[in-house]
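Below is one structure, written out as structure tokens; the observations come after it.
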Amino acid sequence: MLRLNRLQHPKSLKPYERLVSKLSTSSSSELSRPKCSDIRLDVDLIYRLYDLQKLTRFYGQMHWEEETNSVGNDPGSLDLENVAAHSYHVARCALLIAPHFPWLDSAHTTELALMHDEPEIVTGDKDPVGTDGQGNTTHAFNHGKRREKDDEERHAIEQLAVEMRPSIRDHYKRLFAELIEGSSEAARFVKAIDKLQSLAFVRLKKGGNITPEHAAFTLRYSRIGVHRFPQLQGHFMLVYEDLLGDVAIAKPDSFEDFCASTWSYFLNAEKA
């Protein structure tokens, strides 16, 4: 894994190191963090778990011929995620990584992770990127839009809770209040895992074909996760380093230019 001295000036770093360094917090030396070797194993398993999303149930089986013929891609390819697949994977990642931090209740973090996107049953999946390509006009980085999204989710939770038996409604609403407000370390951990899982998906789906503009947004978006639970910065840094490694393999002659363009998009978006 890339090891960065947090006191190094960005200009003293290689272009790709400068990008990865943005996922390190100033308090990194004070944190209780997993070992580098464990982080590598964690990240590789996160990638491996995506193989479940490549499997299509009933594909090619008797009595499912019509449905099999209607499937757009053959099993074995990683398609755009549906929200249920994403929610399962976030929960599985939370279950995998929470034991690094014994003060977290794994059962509670897994419960929060499984449920975290259920408001989207009502609201739909919100686009974090927006028309500017960097999320400055969306809930990703616009505080007003963030509050609007939170309010929509609160209304959605009320609507979903009404459809449940009365004995579990209050518990359901308390869990989502914890998530939306980030009022517990468990909720902040889950929100960070949500961003880590998304980063891993971008890396696997885009490979070396990501654009500098997308890579810049992904870096900024991932930093939200690092700020929510700084102890996971090593996981974020490694996945982003893997992403840049894919680009280096796919575009060896233009990799330095790619990193420079990504850095430029990043700085311009931060100033906007």
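Because only heavy atoms are used, hydrogens play no part in the values below, and waters and symmetry mates are left out as well, while side chains stay in.
At least one side-chain heavy atom of E178 sits less than 4.5 Å from a side-chain heavy atom of S183. No side-chain heavy atom of R18 sits under 4.5 Å from any side-chain heavy atom of C259. Using a 4.5 Å heavy-atom threshold, the side chains of R146 and D150 count as touching. Two residues are said to be in side-chain contact when any heavy atoms from C-beta on lie closer than 4.5 Å; F266 and R223 meet this criterion. Side-chain contact between L112 and F189: absent, with no pair of heavy atoms (C-beta onward) separated by less than 4.5 Å. Contact check for E153 versus F176: no side-chain heavy atoms found under the 4.5 Å cut-off. Inter-residue side-chain proximity for Q53 and D79 is flagged as unmet; no heavy-atom pair is nearer than 4.5 Å. Side-chain contact between V190 and H108 is absent, with no heavy-atom pair separated by less than 4.5 Å.
In the model, H100 has no side-chain atom that pairs as donor or acceptor with a side-chain atom of D38 under 3.5 Å. In summary, the side chains of H139 and E152 do not present any donor paired with an acceptor at a separation below 3.5 Å, with no hydrogens or angles considered. In this model, no donor atom of one side chain and acceptor atom of the other lie less than 3.5 Å apart for H86 and E120.
If you take NE2 on H155 and CD1 on I157, they are separated by 12.0 Å, rounding to the nearest 0.5 Å. Between L96 atom CG and D42 atom CG the span is 4.5 Å, to the nearest 0.5 Å. Taking CZ of F255 as the start and CG of D246 as the end, the distance is 10.0 Å to the nearest 0.5 Å. Interatomic distance, I97 CD1 to S106 OG, rounded to the nearest 0.5 Å: 11.0 Å. Within the model, atoms NZ of K14 and OG of S21 stand 14.0 Å from one another, a figure rounded to the nearest 0.5 Å. Going from atom CD1 of I46 over to atom CZ of R92 covers 10.0 Å, rounded to the nearest 0.5 Å.
Using a 4.0 Å cut-off between charged nitrogen and carboxylate oxygen, E148 and K126 do not count as a salt-bridge pair. Using a cut-off of 4.0 Å between Lys/Arg side-chain N and Asp/Glu carboxylate O, D151 and R147 are scored as not salt-bridged. Between E158 and R154 there is no salt bridge, since no side-chain N of the basic residue sits under 4.0 Å from a carboxylate O of the acidic one. Salt bridge annotation for D44-R48: absent, with no cationic side-chain nitrogen under 4.0 angstrom from a carboxylate oxygen.
Listed for the Q134 side chain is a donor-acceptor partner under 3.5 Å among the backbone atoms of E213. Using a distance-only test at 3.5 Å, with no hydrogens or angles considered, a donor-acceptor pair links the side chain of Q233 to the main chain of P230. At least one donor-acceptor pair under 3.5 Å links the side chain of R188 to the backbone N or O of G182. Judged purely by atom type and a 3.5 angstrom limit, S264 has no side-chain atom pairing as donor or acceptor with the backbone of A260. At least one donor-acceptor pair under 3.5 Å links the side chain of N69 to the backbone N or O of E65. Checking side-chain atoms of R169 against main-chain N and O of V162 turns up a donor-acceptor pair under 3.5 Å. Checking side-chain atoms of S70 against main-chain N and O of E67 turns up a donor-acceptor pair under 3.5 Å.
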L219 vs L23, test: side chain to side chain contact (heavy atoms under 4.5 Å, CB included). Steps then yes/no. CA-CA 8 Å; L219 177 59; L23 293 172; 3.6 Å; yes
Starting from the C-alpha separation in whole Å, work towards a yes-or-no answer on side chain to side chain contact (heavy atoms under 4.5 Å, CB included) for Y265 and T211. CA-CA 11 Å; Y265 275 117; T211 64; over 6 Å; no
Are E185 and F229 close enough, and set up right, to give a side chain to side chain contact (heavy atoms under 4.5 Å, CB included), and what steps lead you there? CA-CA 8 Å; E185 194 166 19; F229 202 84; 3.6 Å; yes
Side chain to side chain contact (heavy atoms under 4.5 Å, CB included) assessment of T137 paired with K145: CA-CA 8 Å; T137 60; K145 293 295 183 181; over 6 Å; no
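Heavy atoms only, all atoms of each residue included: H116 and L179 are closest at CA-CD1, 3.8 Å. When every heavy atom of Y240 is checked against every heavy atom of A216, the shortest pair comes out as OH-N, 4.4 Å. The two residues Q197 and C93 come nearest to each other via the heavy atoms CG-SG, 4.4 Å. A pairwise comparison of heavy atoms in T109 and A98 identifies OG1-CB, 4.0 Å as the closest pair. The minimum heavy-atom distance linking V122 with A156 is given by the pair CB-CB, 3.7 Å. Closest approach of L232 to A192, counting heavy atoms only: CD1-CB, 3.9 Å.
Taking hydrophobic clusters as Ile, Leu, Val, Met, Phe, Trp and Tyr residues chained together by side-chain heavy-atom distances below 4.5 Å, L41 does not share a cluster with M237. Both F101 and V90 sit in one connected hydrophobic cluster of ILVMFWY residues. Membership requires side-chain heavy atoms under 4.5 Å apart, directly or through other members. A continuous path of Ile, Leu, Val, Met, Phe, Trp and Tyr side chains, each step under 4.5 Å between heavy atoms, connects V202 with L49, placing both in one hydrophobic cluster. In the hydrophobic clustering of ILVMFWY residues, with side-chain heavy atoms under 4.5 Å counting as a link, L45 and Y47 come out together. Taken together through direct or relayed side-chain contacts under 4.5 Å among Ile, Leu, Val, Met, Phe, Trp and Tyr, Y16 and I249 form parts of separate hydrophobic clusters.
Within 6.0 Å of the NZ atom in K205, the count of heavy atoms belonging to other residues, nucleotides or ligands exceeds 12. The number of heavy atoms from other shown groups lying within 6.0 Å of CD (E66) does not exceed 12.
Within the structure, the ring-ring contact (aromatic ring centres under 6.0 Å, His included) test picks out the following pairs touching residues 198-225 (sequence neighbours left out): Y50-F201, F217-Y221.
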